[in-house]
Asks: 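The structure follows.
Please read these numbers as outputs of a predicted model, since none were measured by experiment.
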Amino acid sequence: PRLKAQIDSVLTVGFIEESEVDAFIARCDGVLKAIMALGERSPKEALELIWYYLEETPKTFDEVHDEIEQSIFCRELMEAAVKLSRAANGSELELGQKLLGAYVADAYGKMDNAVDVILAAGLSAETRQALASVAKEKAKKLDEYQKQKLQRFAMQVEKGQVAKARYRRS
């Protein structure tokens, strides 16, 4: 409950000016580090918190004056989900579906690294095929831009093609 409250607290923001972005990301990173520390003792509990964090983070996208830092954080959040899912012996398909869900829910491009994270996770060909099928079905119900975005996702995941590396912290 304490870490969930910290997630809610760090993500409850007004508009964050460019000069405040680094401090905001540092607070987000602090919560992520606390979750990962919990994951060493209780990976399933930490994984549930990561899923919550991943679902809630997009509500800040319109509030942060930022182009790259938040995208980098989102990638790190997705990579943490992969690590915790493995530690908790989570389902590959659930992992892929949750990351796909984050990708679909994002209208700002901050979760565009989901494809790279999924492919780097080394999911089985069977799981990648299932994810591609889900993405193709979801694409049928979306506007043209989102439809094309999901179709690209499906093609890359299905073929195991890693897109050009996007945002990473050095």
Side-chain angles (χ1 to χ4, degrees), residues 1-13 21-61 64 66 68-106 108-135 138 150 153-154 156-158 160-163 165-170:
R2 180 183 65 79
L3 283 174
K4 190 171 183 185
Q6 286 182 345
I7 292 168
D8 291 336
S9 176
V10 79
L11 296 178
T12 302
V13 296
V21 171
D22 287 344
F24 169 69
I25 295 297
R27 289 190 304 274
C28 291
D29 281 338
V31 175
L32 178 57
K33 285 178 182 149
I35 293 169
M36 295 308 287
L38 172 65
E40 292 175 16
R41 298 183 313 276
S42 181
K44 287 183 181 179
E45 183 181 353
L47 182 59
E48 288 305 313
L49 287 165
I50 284 291
W51 292 145
Y52 180 73
Y53 208 173
L54 200 58
E55 286 174 18
E56 293 297 306
T57 295
K59 75 181 186 183
T60 66
F61 290 169
V64 179
D66 169 58
I68 296 176
E69 285 299 315
Q70 202 170 24
S71 296
I72 294 168
F73 174 74
C74 288
R75 181 186 187 108
E76 292 169 353
L77 192 57
M78 290 184 282
E79 288 169 342
V82 171
K83 185 176 180 180
L84 288 172
S85 180
R86 292 226 165 93
N89 294 315
S91 153
E92 269 193 356
L93 187 57
E94 179 187 32
L95 170 64
Q97 288 175 328
K98 295 271 190 177
L99 295 179
L100 171 61
Y103 181 76
V104 171
D106 171 27
Y108 294 87
K110 309 270 179 159
M111 298 280 190
D112 281 357
N113 284 304
V115 175
D116 301 339
V117 171
I118 287 169
L119 295 179
L123 303 181
S124 69
E126 181 180 314
T127 299
R128 288 194 330 269
Q129 286 287 348
L131 279 177
S133 294
V134 169
K138 286 182 183 279
L150 270 184
F153 174 96
Q156 289 174 316
V157 169
E158 203 167 38
Q161 295 175 334
V162 177
R166 289 188 262 287
Y167 312 116
R168 279 196 173 282
R169 280 185 227 216
S170 19

Asks: Could you give me the CA-CA distance, side-chain angles and deciding distance for Cys74 and Thr57, then say whether side chain to side chain contact (heavy atoms under 4.5 Å, CB included) is met?
Replies: CA-CA 8 Å; Cys74 288; Thr57 295; 4.0 Å; yes
Asks: Which heavy atom of Leu95 sits nearest to which heavy atom of Ser85, and what is that distance?
Replies: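 Smallest heavy-atom distance, with atoms named: CB-OG, 3.9 Å.
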Asks: With no hydrogens and no angle check, is any side-chain donor or acceptor of Ser133 less than 3.5 Å from a backbone partner on Gln129?
Replies: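 Side chain of Ser133 to backbone of Gln129: a pair is present.
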Asks: Can you tell me how far the CD atom of Glu126 sits from the CG atom of Leu93, to the nearest 0.5 Å?
Replies: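 Output value for this atom pair is 9.0 Å.
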Asks: Salt bridge or not between Glu79 and Arg75? Use side-chain N to carboxylate O under 4.0 Å.
Replies: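 Salt bridge present between Glu79 and Arg75.
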Asks: Got a donor-acceptor contact below 3.5 angstrom from the Ser42 side chain to the Leu38 backbone?
Replies: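 No, the answer is negative, given that no donor and acceptor are paired below the 3.5 Å cut-off.
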Asks: Can you tell me if NZ on Lys44 sees more than 12 non-hydrogen neighbours from other groups inside 6.0 Å?
Replies: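 At most 12 heavy atoms, drawn from other residues, nucleotides or ligands, come within 6.0 Å of this atom.
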Asks: Is the shortest heavy-atom distance from the side chain of Asp8 to the side chain of Tyr52 under 4.5 Å?
Replies: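 Contact flag for Asp8/Tyr52 side chains = yes.
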Asks: Heavy-atom distance under 4.5 Å between the side chains of Ile7 and Ile35, does that happen here?
Replies: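 With C-beta onward as the side chain, the pair touches.
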Asks: Please report whether the ring centroid of Tyr53 lies less than 6.0 Å from that of Phe73.
Replies: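 Aromatic pair counts; centres sit under 6.0 Å.
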Asks: What do the steps show when you test Phe153 against Ile118 for side chain to side chain contact (heavy atoms under 4.5 Å, CB included), and what is the final call?
Replies: CA-CA 10 Å; Phe153 174 96; Ile118 287 169; 3.6 Å; yes
Asks: Verify, without hydrogens or angle tests, whether Glu69 (side chain) and Ile25 (backbone) share a donor-acceptor contact under 3.5 angstrom.
Replies: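 Checked: no pair found.
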Asks: Write down the atom of Gln97, the atom of Leu131, and the distance for their closest heavy-atom approach.
Replies: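 It is N-CD2, 3.5 Å.
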Asks: Contact between Met78 and Asp116 at the side-chain level, heavy atoms closer than 4.5 Å - yes or no?
Replies: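 Heavy-atom side-chain distance check fails, nothing below 4.5 Å.
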